Structure formats: C-alpha cells, structure tokens
Chemist: 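Sharing a structure with you now.
Naming: A, B, ... by sequence-line order, numbering from 1 per chain. Predicted model only: the values in this text are computed from it and were never measured.
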Amino acid sequence: MNKQEMSKAYSSADVEKKWYSTWEKRGYFHTDIKSKKTPYTIVIPPPNVTGMLTLGHVLNNTLQDILIRFEKMRGRNTCWVPGTDHAGIATQSKVEAQLKEEQNLTRYDLGREKFLEHMWAWKEKYGGTIIKQLRTIGCSCDWERERFTFDPGLSKAVQEVFIRLYNKGLIYKGHRIINWCPKSRTALSDEEVIYKEEKGHLWYLKYPFADGSGFVTVATTRPETIMGDTAVAVNPEDPRFSKLIGKKLILPVMNREIPLIGDSYVTKEFGTGAVKITPAHDPNDYEMGLRHHLDMPNIMNDDGTMNAAAGKDFEGLDRSVARKLVVEKFDKLGLLEKIEDYTHQVGYSERGDVPIEPRLSNQWFVKMQPLAKPALDAVNDGRVQFHPDRWIKTYRHWMENIKDWCISRQLWWGHRIPAYTCSKCGKLFVAAEAPTKCDQCGCTELKQDEDVLDTWFSSWLWPFSVFNWPDKTEELKKLYPTQSLVTGPDIIFFWVARMIMAGLEFMDEVPFKDVYFTSIIRDDKGRKMSKSLHNSPDPIDVVNTYGADALRFTMAYIAPVGQDIQYSNEKCELGRNFANKIWNVVRFRMTAGALSKNWQNIDGLTKADLRPDDQWILARLNTVVTKITQDLEKFNFNEAVRDLYDFVWNEFCDWYLESCKPVFNATEANAQNEITLRVFDYCLSIFLRLLHPFMPFITDELYHAIGFTSEDSSIVLADWPKALPEDRMTELGATDKLVAFNVAKFELIRNIRNVRANYQIATSCEIDVILAPSSEENHDFLERDTVSLKSLLNASSLKIGDKPDGPTGVAVSSIATAYIPLGGVVDFAAEMGRLQKQEQEIVQYIGVVNKKLSNKNFVERAPKAVVDKERNNITESNEKLARIREQIALFS
RNA sequence: GUGCGCAUAGUUCAGUUGGUUAGAACGCUACCUUCACACGGUAGAGGUCACAGGUUCAAAUCCUGUUGCGCAUACCA
C-alpha cells in the first residue's frame, strides 16, 4: 500500500470486518493443547443466551481481550473459553411472554415436554446473538471451545456435582420458608431478591380478647396475611402485656381463636409492641411458630392469589386486592385503629420485578458453611486475589454469614434434579439414572423430582465444566486453574464466591488466581443503564459510527479501577480521533521513503549516530514499554491507555515526528535520513504492538500497510516489545540528562512560539532567531540541534550568539535567551509586560523555595536529595531571573 | 442502623508508598486550511484540591470529625 491508497481520514468499517474474519479463518484464537508454552486461560462470564450485547459486556470483554492478546504476545499459550448461560428464569420468562403474545398460550397449555421443545427451538433460532456480537468488537475467543451451560457435557457435570454433594450430606431437602416469586411461580435464592425502599403503610389493627376484656392492637405492613395468623406475640418483659400472655384472642374476619404468646424476639418499642404471627408467610414468624408449636396454614396459591384456607370471602383474590378488603372489613368492624405512612424495604424478585412472597414449601438446599470455609481461606491467604482488593471485605462478610442455598426451582427450563421417589413407600433415590425398582418395597414406579436447578448451580462449575469435567481431559489438566476472571462486583455472591467454593471442592484448587472487578456503567447523568430509561446505547451502533477500536479504546480509557463510569457516545470521539491520529502517522511515514531494512531493532547505532530528538524519543519509548507492561500486569488498564495516548500524541507526534520533517524532506541524500527513518520505524513498530491489545483492528491494518508483517502473518502473532537495558541506553546517549535537555529545549521553543503568537505572526511566516545559551553546556547542546530547532520554529535563520542590535522580541527560558528581530513592529509595552509577568512569577517561586530552605527543620530533616533539588532550583531560578531583569533593563 | 466508596478546572476524570510552581480530555478564547491528520496545529484563559481540625520540616495525598452523593447489607412486624 502507498500513501495514495490511504484515505485522509481513517474509516473503520472495512478494516474491522476484514481482519476479524481473517484472524478467525487462520485459527489464531484456537488453543493448541499440545503447545509447550505456559498456558494462560480465561473463561468468559457466560452471558445469557437470550442476551444482546450491552456496554457492560463491551467493557468486560474488551478487558479480557486485552489480557488475552497481551499474554499471547508475551509468549503464553492463551485460551479464552467463550459460551453462554441458559439463564433459567430469565430465558423461560422471555419465551413464555412471547408465547403468550404470539399464540396466547401458557407453558401449562403446552405441557412440559412440548414447552421444552419450543424452548430449544427458540434458543437455536434467537439465542447466541451476543456471541456473534462479541466478534464485532474483536474478542479473540477460542470459538471451537464454545460451551453452553445446558449442553450435554455441562449437564453431566451438574448431575455429578448434585449426587456427590447429596452423598456427602451437603445437599438436603427441607420444609422451609423460602422466597417465592408469584410471577414465575418458583422459589428463589436469597441473592435473587432485591430490596427496594417503598412508601407503604403501617396498619394498626385491633384483635379482641375472647373473654370480651378489651383488645390488643397490632401494627402490620401486610394485612392480607391475617387469615394465616395463628398467634399474636408480645415481649414477655413488656409490662403492658406480660400478665396477659396465655389469654385467647379472636382473630377478626376469620373468627378464630388464637393465643397471645410471649417471645423475646418482639421489640417492645416498635409499633404497639404486639406482633401478629403468620408462620407460613414470614420467616421470623415461622421461627416463632416452630418455637411455640403453632399451626402454619398456607393461605396463598403459587401465583399470589388467596386459596381456600383464606376463607370464602378471599379465595381467588390477588394479594393486593385481599389487602384492601381486609382493611375494609376491619374498618367496618370498628377494629381499624389508625393508618400511618411507613417507608420500608420490600423484597422484589430480581427477574420477575414483583414483590416476593415468603412461602413455606419443600425445597432442595445446599449446606454452605462447609464449602465456604476453604473458599474464605483461599481469598484471605491470597491464593485468589481481588482487584481492587477492597472487595475482599464484602466477600468476607458474606462468607462468614452464609446461609444455605435454595437450589430448586419450579421451572422447566433447567437441569432436572436427579432425584426419584418411590410412588409406594416414598423412599428417595438420588442417582444419575432412575432405579428400575425400589429396594425398600420392590415397587417399580419411581417418579423423578419435578423441579429443576438454579441456573447458578451450573454456572458455579464453569471454570472446569467447560473442559468436560468430571472426565479427566487433557484440557482440564493443562488449562485449569484459569488465571484471571473479569466480572462485575454485582455477581460476587451469585458467581465468584460460589466458583471458588466449587473449584476447591471438586478440583482441590482455586478456579482462578486474579479477579478483576469492572466498573458499573452509568449514563452521563449518572443513572444506571436500563432498558426502561432508554439510556442504554446499542454498542453495535457505536461500532458503526466510531469503530470497534475507538469504542474499546474509549472504554479502557474512561474505566477507572473500581469506580463507576459515566458513559456517553460522544466520548468515543476520543478513541476515533486517536485511531485517526495513528493512521495519519503511517500515512506520513509512507511519504518519507521505503521501510527501513532493520526496523526490528536499533542494534549497531550509537550516540554519535543520533540526533538529540532520536535519543530523547528512544529514552521515552523505553520508559513507556516498561510502564505499559507493568500497568497491564497490575490490571491498570486505564493507566496503560493514558500512557500510550500521551506518548503517541504528545511526544511522538507533537515533537518527534515534527523534528523528523527536516531530515526526511532534505533534498540531498544524507546518512542521517537513513538512521532517523530506522529510529522512526523502530518506535512505530513498538507502539503499534503496545497498542494492539487495545485497538486490534487498526494496528493490524497499519502493521501490514507499512510492511512490518507479511500478508500471511499478523500483528496478532508479533512479540510484545521489551525494554532495552540501561547500559545500552547509555551507549545510545538516551540518558536522563539528555531527556532533561530536550525537555528544556521544548520549553524554549514554546516560549519563542509564544512571542510569535503575541505578535500574531502566522506559523507559516518565517522568522529569524538568535539564541544566547545560558551556559557552555547548553551552548554545545543547542549547537548540535540547530536543524531541528530551525524547523520546529519555522525560522529562516537560526544563529547562536549575542543579542543583535535593534529592537527584538525576547523569550527567556532556562537554557537560553532567544531574540527575535522584528524590525519596526516591536511592541515595547508588550515585551515589557510579558517579561514583568515572568519576573513576578519567578520571584514568587524563589520566595517560596527560599522560605523552605531557610527553615532549619526542613534542611535538617528532609532527605538530602529533596534539599539538594531545591537548592538546584534556586540556583537555576536566580540565573534565569537575572537574565529576565537584564532584558527588562534594556527595555526601560 | 452497619459497612464500603466518592467529593480536584465549566464538564468528565488522572494524580502510584506525603516532596518541583496540581495534570489530561472535552468545552472556551485568539490565530492558522503550512505538503500526516480540522477526527488537525500553535498559543492561551481557567483550580483556596467539599468543609473544619490534627500529624509532619512538608498534606490534594496520612488521621479525626462535619456536610453532600452513590453502592452494598441488616429480622424491627
């Protein structure tokens, strides 16, 4: 390709499409299990199979891709396992809703078998969109290893785990109060309940004593449950009630006798000090029910409507309707004392978005404490590291207070529980296959449990089930444990903690070494992205507008470690502009001549071959290579991106590239040209590689365009740059001192340009410059660099010498005083003004430093290096001040 | 209630274990279509680092408290 073929502005669309399919076709992302390289594995947090790509996914997967590409370039045998989650409730609800809308059918109309057929057909047709979308943003997943949490292999793992835990006594069936979602009609785990603050009421209801001796008033937020009341409880130490304990009350509306009981659980100060007890519909009431041997009538159906036990007046009514009716009835009976406004937390079903109903039912549970202990240790002793590490506290708190995990769901889309019950004697069998007959009574009719398992019961096995555990596969042996997990802190309990438990329990090893928690993405007003707010941009639109590289780069740039990020599409301009910038660097390079023969290195070059700008950029490049590598090792993605951006734009383009122009443009052939081109190419090849994990598409395009790689290879396979050793840098003259000199030179140039700007002299208009160096050393340095200086200043002549006669503009900087002859246009007042402003600033600074140095404590207690530095500053500042005053004197 | 986090330029954010005169991007002002790039260049303006104390020779940085915001979590019906 030559420059003529490169458009002025970079256009991402064609480039991105072309490269992804090439990479995939050539098998770059497929892991060779036979490779001798050290493995580096990441398993993707499997998105819901029904899901569409969101910005959250973009962030999460971009960071994983950066790690994978970085480690691949560093010589690791990388493996990124992709896949999707069957997402029980979410997927089933979605399909049920669609079935209702399109055919007006419920899952019950179809029946279990037919409905599941429908589910699978739906999944084949609409599922996995997100997997295709991940390719659009450049994810280098090993697609040949794609898995699904409900595929046969993973189902086998789930079954195996269930049986093992059951046999170990860690899975049991229990009659307990669980969180019930009346919309999906299933039990939920505690983690699937989200609490929302709601403005409700506190109803004060009177319960008369059976003997007619007055009444007790209870305060409740849930009047609709009174039909299930089997007691009223008070604190036995409450003097208002203690003597009344044991008396009978009449439950109004139901006209049933219930006892007044004493239980220390009741808070005397809250409400009236008396609580209605509904054991089947409240976890605390249930506990109390057990303690006091109370009846536990269930008054609701599984869809949140009242059942026969609630009485004829209520049967069939929705819980919200029943609430109103109960209050109405109390009011009519004169038993409604008052209603207060009351703000409280109401538990909602995460997926169904309806208030959950505590419900007494038979469910399967995992005993968590024995599993939690080793998992807690693994994080405490650093076998698993969290980034940022403050999440350890959250993890610890949950693990130390862990409750048993309700794993059964009354859904159809999910792994069926491998438990069978004898229809005759009721004996329970847990096994992979249904037993042919009951070994207790000989009955051959064994019925499988109707329930399926919580989605997370398959997700928690993901880091090893994807490699076909429990089979002892080669993959499992080589690729487990994985290295890094990148996920959101919102699923620390759902997923991260449980994976650590499962890994230790079934593999005897932690599932990953590092967990990087990503930021939560908010809109530019700080609101969470959500469908209902329509503030969630479609990443695919963003890719079409700005390019995938731009989106990736911007995401990495704006995502701080452990902080929320505010996103808006416009921010992608940053990435797009940056892509355009490097595109044009290469365009520029194309005009300067053929690719250097030895661009791969700068071997053989020494100090004498290089211009100060070459030495400076090599020193900076070396620092940047080290810095970016460290940033990535420490998961400091945004720092790495910022460092790269600053280096490429503010150092390489603004200064180095500009300094190369006079060399490249020289009409007569010169030896310098060849050397400078080589340094240029060397730098370019390195920062394109550093950039590749962040912007894979454009970097490969440019790597090919310039000829750093052959048509049949790719930057994907290139080596990660290594910093040169210090003694080599010294040989090249790329020392700290040189860098300091060059930076001072830039300051000088800026000062002169400032004079230019003040006189409104166009950049295109040439000027004459005379430099009076402030020392012998600076003199030598500047003399060596006149070509570059001349070009950067667009000077027609540049001399080193004394102040010329006649009026001049003046720029005083640390290494030299510059005179710019301006003929008759010198504005004395303006020159004076600028010099005086400069004088004022420096005098102020000298004051501050002098104050420090005259402080005995500072000189005595501060480290010597700090004091010396300040002394040096004051010497330099005084010298500069003298020169400024000299100029002022000339103008007065 | 408890825990965690945040507060720096008009806006969005950097600022590593305390140590030059606190930086960037976007926006703003002036000039420039110069042969890499107007998705650009040059030069600028803009900050009492939320507030009040404390530790220190030295605090945006460490400690305490206050205020405001966000998140997580808890059985107060």
Chemist: Please find the pair of heavy atoms, one from A:F635 and one from A:H387, that lie closest to each other, and give the distance.
Modeler: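 Answer, listing the atom of A:F635 first, then A:H387: CE1-NE2, 3.5 Å.
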Chemist: Name all residues meeting the side-chain hydrogen bond (donor to acceptor under 3.5 Å, both in side chains) criterion together with A:E224; count only those two or more places apart in sequence or in a different chain, and write none if there are none.
Modeler: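 Applying side-chain hydrogen bond (donor to acceptor under 3.5 Å, both in side chains) to A:E224 gives A:R222, A:R323.
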Chemist: Would you indicate what A:L657 reaches in the nucleic acid, counting non-hydrogen atoms under 4.0 angstrom: base, sugar-phosphate, or nothing?
Modeler: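 A:L657: base contact, heavy atoms under 4.0 Å.
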Chemist: By side-chain hydrogen bond (donor to acceptor under 3.5 Å, both in side chains), which residues pair with A:S659, not counting sequence neighbours?
Modeler: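 In terms of side-chain hydrogen bond (donor to acceptor under 3.5 Å, both in side chains), with neighbours along the sequence ignored, A:S659 is linked to A:R611.
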Chemist: Would you write out the dot-bracket form of RNA chain B, 5' to 3', with Watson-Crick and G-U pairs under 3.5 Å, [ ] for crossing pairs, | for pairs to other strands and . for unpaired bases?
Modeler: (((((((..((((.....[...)))).(((((.......))))).....(((((..]....))))))))))))....
Chemist: Say whether, by atom type as modelled, one donor and one acceptor occur between the side chain of A:Q838 and the main chain of A:V812 under 3.5 angstrom.
Modeler: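 Yes; judged by distance alone, with no hydrogens or angles, the pair exists.
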Chemist: Base, sugar-phosphate, or nothing: which does A:R589 touch, judged by heavy atoms less than 4.0 Å apart?
Modeler: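 Touches nothing.
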Chemist: Using a 4.0 Å heavy-atom cut-off, write out nucleotides 70-77 of chain B from 5' to 3' as B (base contacted by protein), S (sugar-phosphate only) or - (no contact).
Modeler: SS-SBBBB
Chemist: How long is the span from the NZ atom in A:K627 to the CZ atom in A:R642, to the nearest 0.5 Å?
Modeler: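 Taking NZ in A:K627 and CZ in A:R642, the distance rounds to 11.0 Å.
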Chemist: On the nucleotide B:rU34, are OP1 or OP2 found under 4.0 Å from the side-chain N or O atoms that A:N794 carries?
Modeler: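 So the side chain of A:N794 is outside the cut-off, no N or O lying under 4.0 Å from OP1 or OP2 of B:rU34.
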Chemist: Would you call the rings of A:F578 and A:W649 parallel, tilted or perpendicular, where under 30° means parallel and over 60° means perpendicular?
Modeler: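 Because their plane-to-plane angle is under 30°, the rings of A:F578 and A:W649 count as parallel.
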Chemist: Is it true that a side-chain atom of A:D229 and a backbone atom of A:A231 form a donor plus acceptor pair closer than 3.5 Å?
Modeler: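 No, because the side chain of A:D229 does not come within donor-acceptor range (under 3.5 Å) of the backbone of A:A231.
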Chemist: Taking atom C1' in both B:rG15 and B:rG23, what distance in whole Å separates the two?
Modeler: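 The answer is 7 Å between these two C1' atoms.
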Chemist: Can you tell me if A:D263 and A:N235 form a side-chain donor-acceptor pair at under 3.5 Å?
Modeler: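 Short answer, no.
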Chemist: I need the minimum non-hydrogen distance between A:V275 and A:V266, along with the two atoms involved.
Modeler: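 Between these two residues, the closest heavy atoms are CG2-CG1, 3.6 Å.
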Chemist: Parallel under 30°, tilted from 30 to 60°, perpendicular over 60°: which one fits the rings of A:F386 and A:F517?
Modeler: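 A:F386 vs A:F517 ring planes: perpendicular.
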Chemist: What integer distance in Å separates A:W655:CH2 from B:rC37:P?
Modeler: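 Rounded to whole Å, this separation is 20 Å.
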Chemist: Base, sugar-phosphate, or nothing: which does A:E766 touch, judged by heavy atoms less than 4.0 Å apart?
Modeler: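 Nothing, no nucleic acid heavy atom in range.
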Chemist: Of the nucleotides B:rC4, B:rG19, B:rG40, which one has an atom closest to the side chain of A:W649?
Modeler: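 So the side chain of A:W649 is nearest to B:rG40.
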Chemist: Between the protein and nucleotides 22-30 of chain B, which nitrogen or oxygen pairs come in under 3.5 angstrom?
Modeler:
none

Chemist: Taking only the side-chain nitrogens and oxygens of A:K837, find out if one of them lies under 4.0 Å from OP1 or OP2 of B:rA45.
Modeler: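 The answer is yes; a side-chain N or O of A:K837 sits under 4.0 Å from OP1 or OP2.
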Chemist: So, A:E192 side chain and A:S189 main chain: donor-acceptor pair closer than 3.5 Å or not?
Modeler: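 Between the backbone of A:S189 and the side chain of A:E192 there is a qualifying donor-acceptor contact (under 3.5 Å).
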Chemist: Starting at CD of A:E658 and ending at P of B:rA43, how long is that distance when rounded to a whole Å?
Modeler: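 In whole Å, B:rA43 P and A:E658 CD are 11 Å from each other.
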Chemist: If you assign each of A:K634 and A:R753 to its closest nucleotide in RNA chain B, which residue comes earlier from the 5' end?
Modeler: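 It is A:K634, whose closest nucleotide lies nearer the 5' terminus.
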Chemist: Counting any heavy atom closer than 4.0 Å, what does A:K864 reach on the DNA or RNA strands: base, sugar-phosphate only, or nothing?
Modeler: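 Here A:K864 touches no strand at all.
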Chemist: From the list B:rA43, B:rU21, B:rG19, which nucleotide is the closest neighbour of the side chain of A:Y845?
Modeler: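 Nearest listed nucleotide: B:rU21.
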Chemist: In terms of ring plane angle, is the pair A:F647 and A:F652 parallel, tilted or perpendicular, where the classes change at 30° and 60°?
Modeler: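 Judged by the thresholds at 30° and 60°, the geometry between A:F647 and A:F652 is tilted.
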Chemist: Of all the nucleotides listed (B:rU42, B:rC39, B:rA36), which has the minimum atom distance to the side chain of A:K581?
Modeler: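 Closest nucleotide among those given: B:rA36.
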Chemist: Using a 4.0 Å heavy-atom cut-off, does A:K856 contact any base of the nucleic acid, only the sugar-phosphate backbone, or nothing at all?
Modeler: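 Nothing: the residue A:K856, judged by heavy atoms under 4.0 Å, touches no strand.
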Chemist: Whether A:R576 contacts B:rC39 is assessed here as follows: a side-chain N or O lying under 4.0 Å from the phosphate OP1 or OP2. Is that the case?
Modeler: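 No, no such contact exists.
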Chemist: Please report, rounded to the nearest Å, how far the C1' atom of B:rU20 is from the CD atom of A:E876.
Modeler: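 For the pair A:E876 CD and B:rU20 C1', the rounded distance is 11 Å.
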Chemist: May I ask you to list the residues of residues 626-633 of chain A, by number, that have any heavy atom positioned under 4.0 Å from an atom of RNA chain B?
Modeler: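 Residues of residues 626-633 of chain A that come under 4.0 Å of RNA chain B do not exist, since none gets that close.
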Chemist: So, A:N636 side chain and A:E639 main chain: donor-acceptor pair closer than 3.5 Å or not?
Modeler: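 No, because the side chain of A:N636 does not come within donor-acceptor range (under 3.5 Å) of the backbone of A:E639.
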Chemist: Heavy atoms from C-beta onward define the side chain here; which of B:rG44, B:rU12, B:rC4 lies closest to that of A:K393?
Modeler: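 Within the option list, the nearest is B:rC4.
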Chemist: How many whole angstroms separate atom NZ of A:K869 from atom C1' of B:rA58?
Modeler: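 It works out to 14 Å between those atoms.
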Chemist: Where the side chain of A:K661 is defined as all heavy atoms beyond and including C-beta, which of B:rC37, B:rA36, B:rA43 is the nearest nucleotide?
Modeler: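 So the side chain of A:K661 is nearest to B:rA36.
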Chemist: A:P489 near the nucleic acid: base, sugar-phosphate alone, or nothing, with a heavy-atom cut-off under 4.0 Å?
Modeler: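 Nothing, no heavy atom under 4.0 Å.
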Chemist: Using atom P of each nucleotide, how far apart are B:rG40 and B:rG3 to the nearest Å?
Modeler: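 That atom pair is separated by 48 Å.
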Chemist: Work out which heavy atom in A:L294 is nearest to a heavy atom in A:M288; give both atom names and the distance.
Modeler: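 Scanning both residues, the minimum pair turns out to be CD1-O, 4.5 Å.
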Chemist: What's the spacing between A:I261 CD1 and A:H292 NE2 if we round to 0.5 Å?
Modeler: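 Reported value, rounded in 0.5 Å steps: 4.0 Å.
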